[in-house]
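Read the structure below first, then the notes.
Each chain gets a letter, A, B and so on, in the order its sequence line appears, and its residues count up from 1. All values below come from the heavy atoms of this structure, side chains included, with hydrogens, waters and symmetry mates left out.
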Amino acid sequence: MPPKSKAATKPKATEPAPATTNPTTTTTTNTSQTASSQEPSEPTTVLERSQQRYEKTRPFEAARRQHGLSKLSKEDQKGWICDQLLHLTNRLPAASRARLLSPKASKEIWWTINGTNSIVRGLKQQPKAHTTWGTDRNGHDVGSYSIERFDERIKKRAALTALQVSSRVFRENVEREKRGFVDARSGQEIIVTEREIDEEKVRRSKMTALKKELYGEITGKLASSVDWEDVVPTPHEEPEGALAAIAYPAEYAEAMSYLRAVMSKKEYSPRCLRLTEHIIGMNAAHYTVWLYRAANIFALGLSIPDEIEWLNEVALANLKNYQIWHHRHLLVEHYHPTIASDAEALAHFAKQERDFLIAILSEDTKNYHVWSYRSWLVGKLEMWEDSEELKSIETLIDEDVRNNSAWSHRFFLVFSNPKYATPGKGATERDDKVTQELVDREVQYAQTKVYLAPQNQSPWNYMRGVLVKGGRQLASVQEFVEEFVVKLGEGDDQEEVRSTHALDFLAEIYAEKGESEKADLCLRRLAEKWDRIRRGYWEWRRKCLTQGSSEKVVEESEKAEEVTVV
Amino acid sequence: MVVRTKGARCRNRAIFIRKFPKQKGDMAAASNPTSQEGAATSTSSQQQQPNLDAITDDDFEYVDEEFVSNYTPEEAVQPQPTEPMIPDLFKQPPLVKDDLITDTSKLQDQTVEHCLPFLAGQDGPLELNDYGLPRLNREKHIKFLKQSLGPLPGRFVGMDASRPWFLYWCLSGLTMMGEDVSSYRESVIATARTMQNESGGFGGGHGQLSHLATTYSVILAIALVGGEEAYNVIDRKGMWKWLCTLKQPDGGFQVCVGGEEDIRGAYIAAVVITLLDLPLDLTPESPAYDGGRSNLLTGMAEYVRSCQTFEGGISSQPNNEAHGAYAFCALACLALLDNPRRIIPRHTDTQTSRQLTALSSPLTSYLDIPRLVSWLSYRQYAPEGGFSGRTNKLVDGCYSHWVGGCFPLIEACLSPSGSGSEKENNKTATSGLAAAPESLYNREGLIRYILSCCQDQTKRGGLRDKPYKMSDAYHTNYVLSGLSSAQHQWDLDSDPLPLPEGETTPTMAALGADSIWNVFPFIDDNDQVYEDSDRVRPIHPAYAIPQKNVAGIRAYFQGRSGFA
Ligand SMILES: [Zn+2]
């Protein structure tokens with residue numbers, strides 16, 4: 001934390017005031033003073049303090065304003081002329097300034113001004129309400145803050161900067177780790193620990209909170225910003241008594257009225273981009289704004305990687321939002337052609353995307369929109385053969401074998417690979433192009449996971465899906481399935497079912513083999529004891545058994561027909 | 001009061017009588033001759049003139065004639081049980097449970113722990129019935145929905161793009177609870193106008209792009225308040241042109257221009273096209289335009305089919321995880337495209353669901369039904385009783401509709417074709433699949449979850465995802481929709497019409513929209529665990545609003561061909 005005295009001078013360094021020259025805005029509550037007299041009263045606001053400081057550097061101007069030029073002494077008049085000259089020329093570019101004032105003349109002018117009791121080493125900008133310090137998140141001029149409150153704010157800004165620095169260090173370390181850098185001192189490979197990741201998460205939420213507290217999402221009201229003075233906002237139009245009307249916060253209402261105005265003119269510009277950011281900060285679920293943002297980026301030809309980096313932050317802060325993921329989708333669609341022919345760039349981009357997806361899924365392991373984006377990305381960037389993709393899915397399944405999203409992604413990765421999968425095959429249909437080797441591998445994988453928690457449905461569904469895809473009989477895994485069901489129908493004290501999914505599966509196996517009675521027993525026991533909530537379903541399955549067998553003959557003849565058609 | 005009957009599934013057409021007497025012990029009134037007379041009168045008028053608009057708001061319950069005449073009062077007054085009758089199934093953790101602890105199992109265990117006291121009737125000092133269940137707190141929920149219609153405080157700013165949803169959720173929820181929402185007509189009209197764009201469709205509000213989701217909810221809200229003036233707000237020609245720009249060559253729809261393509265888009269497009277009776281031709285501006293061979297419906301069913309996953313459920317887009325909300329969108333979309341009996345069940349092997357006859361029969365049906373039914377059934381959990389949205393995810397009240405609402409459509413496509421005695425054969429159009437039983441899922445379980453776990457019993461009111469979650473308009477509506485489908489039995493009263501000459505897929509007309517559905521109160525073979533007065537109104541299995549509202553808006557737009 002910097003000492004107070006230093007902090008007080010800091011805003012001028014970090015918040016340079018824009019070059020505005022409107023003199024009428026200069027107001028001060030100070031009693032007027034001559035060039036050499038009278039200390040002003042204690043300032044109560046930051047603006048006042050700056051005003052006092054500023055006036056100290058322009059004693060002749062202050063004296064003129066108070067007394068009028070003609071009332072000033074000859075000396076003071078000369079000083080005033082020098083002051084004016086200095087300030088006027090200061091607005092010129094350095095080169096033309098040098099042409100107007102020779103170094104000698106310049107020196108003389110400074111000497112004249114510094115001949116008074118004030119020491120002027122450089123020119124200060126005249127402080128102005130709003131523009132000099134900016135506005136806070138509520139649209140209040142920070143200049144109107146009391147000194148104490150302002151100091152508080154400075155402390156927070158310093159804290160934010162400190163967090164930003166640590167965060168950058170962390171990100172650099174992550175990058176170093178990815179590239180396998182070795183720490184110079186220890187000679188060890190750089191490893192980002194779990195703890196450091198957790199710390200970064202904490203840091204990010206603190207940073208987000210601080211940013212919001214200090215600035216809201218955008219600084220300054222649009223209506224008072226020079227940037228927007230040529231735009232006539234389109235206010236929200238709604239009749240009295242409209243349903244589900246929201247009492248919009250002023251800031252949101254204003255931003256939306258500017259959005260309507262620029263959208264209707266199809267304006268694409270940096271300020272529009274900033275506006276979308278401003279609105280997204282207040283309402284990230286605003287599909288219109290997201291689409292408009294994408295249009296701006298494409299129209300302005302902005303860097304997609306930059307946008308993605310920005311988006312990463314937004315995504316981490318808005319885990320449940322899904323517009324973000326469609327935006328990302330659009331960005332990648334746009335970016336892909338520019339790197340498609342460069343295998344290395346493509347691989348690098350794919351890795352970057354995966355790293356981010358891994359990070360965000362670690363926060364929310366079953367986020368539907370993230371997984372949807374991921375499966376799309378695999379197709380788009382052709383990551384099918386990328387062993388890292390499969391490995392990262394296995395890591396997730398190892399962490400939580402019940403993560404069905406991860407299982408679904410695995411099925412997609414393995415069985416939708418266009419290298420062998422038949423296009424247009426339904427997910428529950430057999431595909432002859434899938435190799436038996438692959439089927440073996442996947443059945444094996446599912447079975448090892450079933451052992452960990454036999455009542456976990458995910459690997460059961462997966463295994464069943466694999467068998468059907470591979471055109472295998474369900475009975476090919478009968479032995480495995482029977483391990484989980486002991487002495488079925490041999491009395492309540494004998495019968496043991498470690499997985500209702502095994503019992504369900506077994507019923508299908510028996511039905512497939514035409515052993516209807518055995519199948520019926522499985523279904524009956526499910527309905528009576530092991531899975532009573534689904535009794536209606538099990539009863540239906542039992543009915544299907546009898547219907548199925550009576551229609552077997554019909555089916556056989558249909559099969560024969562099929563052969564002749566082929 | 002509990003109505004008990006031995007009456008099996010109702011087979012007759014729906015008729016209407018006044019509500020049953022509500023008070024315990026007031027059983028004699030049920031056999032009151034006037035009410036039977038009333039029943040008989042409405043039967044005949046119903047048969048002569050099946051005009052759904054004739055149903056008034058007072059005709060609250062749909063009751064079957066057979067059921068009425070079979071009705072006998074309780075033989076004796078039941079002794080008041082000291083313990084509420086709650087089956088063990090809803091009081092204990094599941095029988096089979098693994099030792100391995102992961103994040104998923106931790107959350108699941110915690111949820112069961114949270115729900116059990118509610119299921120056991122220990123949620124504070126509530127008045128419970130003999131079955132340990134609280135009443136449906138209509139007054140509070142009605143108040144909650146009326147409040148949700150606004151004005152809303154500034155913190156709702158994150159919902160600014162979803163305001164039309166609030167219109168639908170609230171008006172639909174109120175309608176199901178028996179409120180007359182026609183008083184909202186003027187304000188719906190005024191609100192909808194500011195949401196409509198000149199280029200067609202409705203957005204989330206003034207200056208927001210048109211989106212299918214917001215268009216869906218505005219149109220349904222308009223249908224709910226009804227009336228020509230309301231229907232007239234919709235710029236039908238603009239809507240058609242806009243829909244054409246969303247239609248994709250693969251058969252699906254983008255949700256807005258430049259937006260994502262998913263199965264919601266397909267479902268909503270089917271709803272909009274059929275409710276407004278839009279022309280099916282594509283404009284040359286459509287991304288799917290191919291010189292006139294394709295139309296708005298081309299490839300839609302194929303798109304839906306591509307979203308079925310290896311688990312049997314349906315995903316938002318091809319290759320994603322199966323999810324409850326999308327199962328409803330898929331089934332309802334197909335049910336609007338063609339008769340569910342023909343279009344939904346794929347011809348499959350009974351038990352293994354492997355396809356046998358794709359080569360020999362034209363592709364007229366699109367989903368692997370045995371797998372889908374399995375997946376849907378597994379969404380129901382015990383002891384909670386409610387549905388989850390995905391494998392290994394938690395129970396959530398809104399899936400009462402998204403998953404529960406699939407069952408009427410599934411039961412319809414499994415139901416025997418023909419009428420009367422033919423039906424009794426129990427043979428379905430689908431080879432190897434038996435007709436659905438009384439109920440494919442556990443209705444009592446769902447109703448228990450809804451009444452005990454989903455009601456916010458504080459003065460806030462409204463319905464919710466699960467205990468310790470805040471109620472909201474979205475959950476209030478969809479929990480009630482789920483309750484409605486659990487309390488009713490739907491019967492598809494039409495067989496598939498022959499497809500037009502040479503057609504193998506239903507792209508010439510959305511034939512399914514004309515399917516005739518009959519609805520009856522569902523009569524449990526066992527005791528009915530809720531009060532009759534807690535029965536909410538039925539809503540159309542595919543449009544999710546009452547049938548008479550569907551009929552009203554369709555009749556209006558069918559009356560005006562072209563874009564006059
Ligand atoms: Zn929910």
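- For chain A, no part of B:Val255 is nearby; none of its heavy atoms comes within less than 4.5 Å.
- Looking only at distances, a side-chain donor or acceptor of A:His326 sits under 3.5 Å from a matching main-chain atom of B:Gly258.
- Counting heavy atoms from C-beta outward, A:Ile533 and B:Tyr381 have side chains that stay 4.5 Å or more apart.
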Q) Which is it for A:Tyr292 and B:Leu209 under the side-chain contact (heavy atoms from CB on, under 4.5 Å) test, yes or no, and what are the steps along the way? A) CA-CA 10 Å; A:Tyr292 183 55; B:Leu209 300 174; over 6 Å; no
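- Using a 3.5 Å distance cut-off with no hydrogens or angles, the side chains of A:Asn461 and B:Tyr378 do not pair a donor with an acceptor.
- Neither the backbone nor the side chain of A:Trp325 comes within less than 4.5 Å of any heavy atom in chain B.
- With no hydrogens or angles considered, no side-chain donor-acceptor pair links A:Tyr537 and B:Asn442 at under 3.5 Å.
- The shortest side-chain heavy-atom distance between B:Lys97 and A:Gln455 does not fall under the 4.5 Å cut-off.
- Of the listed residues (B:Cys307, B:Pro164, B:Ala192, B:Ser374), the greatest number of heavy-atom pairs within a distance under 4.5 Å of chain A belongs to B:Ser374.
- Contacts between B:Ser439 and chain A at a heavy-atom distance below 4.5 Å involve the backbone alone (N, CA, C, O).
- There is no contact between A:Val289 and chain B, counting heavy-atom distances below 4.5 Å.
- In this structure, B:Tyr326 has its ring center closer than 6.0 angstrom to the ring center of A:Tyr368.
- B:Cys256 touches chain A through its side chain: at least one heavy atom from C-beta onward sits under 4.5 Å away, while N, CA, C and O do not.
- Among the candidates A:Pro454, A:Gly426, A:Ser416, the residue making the largest number of heavy-atom pairs closer than 4.5 Å to chain B is A:Pro454.
- Between the side chains of A:Gln457 and B:Asn392, no donor-acceptor pair of N or O atoms lies under 3.5 Å.
- Side-chain atoms of A:Trp540 and B:Leu414, non-hydrogen and from C-beta on, do get closer than 4.5 Å to each other.
- Of the atoms belonging to A:Leu259, not a single heavy atom falls under 4.5 Å from chain B.
- For A:Arg260, the part sitting under 4.5 Å from any heavy atom of chain B is the side chain, from C-beta outward, and nothing else.
- Counting heavy-atom pairs closer than 4.5 Å to chain B, the top-ranked of the candidates A:Gly379, A:Ala245, A:Ala295 is A:Ala245.
- Interface check for chain B: of the options A:His236, A:Arg542, A:Lys366, A:His286, the most heavy-atom pairs under 4.5 Å are formed by A:Lys366.
- Using a 4.5 Å cut-off between heavy atoms, B:Ile101 touches chain A through its backbone atoms (N, CA, C, O) alone.
- For the side-chain contact (heavy atoms from CB on, under 4.5 Å) criterion with A:Arg402, the lone passing option out of B:Thr102, B:Asp103, B:Thr391, B:Leu107 is B:Thr102.
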*asked:* For a side-chain contact (heavy atoms from CB on, under 4.5 Å) check, start with the C-alpha distance between A:Leu243 and B:Tyr184, then their side-chain angles and the critical distance, and finish with the verdict.
replied: CA-CA 9 Å; A:Leu243 295 175; B:Tyr184 287 102; 4.0 Å; yes
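- Highest contact tally toward chain B, considering only A:Ser264, A:Ala294, A:Ser257, A:Ser408, is held by A:Ser408 [criterion: heavy-atom pairs under 4.5 Å].
- The minimum heavy-atom distance linking B:Thr194 with A:Pro239 is given by the pair CG2-CD, 3.5 Å.
- The closest side-chain heavy-atom distance from B:Glu260 to A:His329 is not below 4.5 Å.
- The parts of A:Asn456 that come within reach of chain B are both its backbone and its side chain, each placing non-hydrogen atoms under 4.5 angstrom from that chain.
- With salt bridges taken as basic N to acidic carboxylate O contacts below 4.0 Å, none links A:Glu238 and B:Arg193.
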*asked:* Determine whether A:Tyr462 and B:Glu311 satisfy the following criterion, side-chain contact (heavy atoms from CB on, under 4.5 Å), listing intermediate values before the conclusion.
replied: CA-CA 7 Å; A:Tyr462 190 84; B:Glu311 289 193 278; over 6 Å; no
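- Annotation: maximal heavy-atom pairing with chain A below 4.5 Å, among B:Ser105, B:Pro151, B:Ser162, B:Pro94, occurs at B:Ser105.
- Counting all heavy atoms, side chain and backbone alike, A:Ala453 lies closest to B:Leu100 at CB-CD2, 4.1 Å.
- Counting heavy-atom pairs under 4.5 Å between each of B:Leu167, B:Val96, B:Thr191 and chain A puts B:Val96 at the top.
- Counting heavy-atom pairs closer than 4.5 Å to chain B, the top residue among A:Ala285, A:Ser499, A:Ala247, A:Gly465 is A:Ala247.
- Residue A:Tyr287 comes nearest to B:Gly203 through the heavy atom pair OH-CA, 3.5 Å, listed as atom of the first residue, atom of the second, then distance.
- At a threshold of 4.5 Å between non-hydrogen side-chain atoms, the residues B:Asp98 and A:Arg498 do not count as touching.
- With a 4.5 Å cut-off on non-hydrogen atoms, A:Lys529 touches chain B through its backbone and its side chain both.
- Judged by distance alone, the side chain of A:Lys543 and the main-chain N or O of B:Ala435 form a donor-acceptor pair under 3.5 Å.
- Side-chain atoms of A:Ser405 and B:Arg390 form a donor-acceptor pair, as typed in the model, at a separation below 3.5 Å.
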- Evaluate side-chain contact (heavy atoms from CB on, under 4.5 Å) for A:Trp371 paired with B:Asn320, printing each intermediate quantity in order. CA-CA 7 Å; A:Trp371 282 108; B:Asn320 295 339; over 6 Å; no
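- Both the backbone and the side chain of A:Ser458 come within contact range of chain B, each with at least one heavy atom under 4.5 Å from a heavy atom of that chain.
- For the options B:Gly150, B:Ala382, B:Gly154, heavy-atom pairs under 4.5 Å to chain A are most numerous at B:Gly154.
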Exercise. Please step through side chain to side chain donor-acceptor pair (under 3.5 Å) for the pair A:Ser375 and B:Asn319, ending with a clear verdict.
Key: CA-CA 7 Å; A:Ser375 67; B:Asn319 299 321; over 6 Å; no
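- Between chain B and the residues A:Ala242, A:Ser372, A:Gly241, the largest count of heavy-atom pairs under 4.5 Å involves A:Ser372.
- Proximity to chain B is limited to the side chain of A:Tyr322, based on heavy atoms less than 4.5 angstrom apart.
- Side-chain N or O atoms of B:His206 include one that pairs as donor or acceptor with a backbone N or O of A:Glu237 at under 3.5 Å.
- A salt bridge is absent between A:Glu429 and B:Arg371: the closest approach of a Lys/Arg side-chain nitrogen to an acidic carboxylate oxygen does not fall below 4.0 angstrom.
- Within the 4.5 angstrom heavy-atom criterion, only side-chain atoms of B:Leu95, from C-beta onward, approach chain A.
- Of the two parts of A:Leu291, only the side chain, counted from C-beta on, holds a non-hydrogen atom closer than 4.5 Å to a non-hydrogen atom of chain B.
- Ranked by non-hydrogen atom pairs under 4.5 Å with chain A, the options B:Glu186, B:Gln380, B:Lys393, B:Gln108 are led by B:Gln380.
- B:Arg163 contributes a side-chain N or O that, together with a main-chain N or O of A:Ala244, makes up a donor-acceptor pair within less than 3.5 Å.
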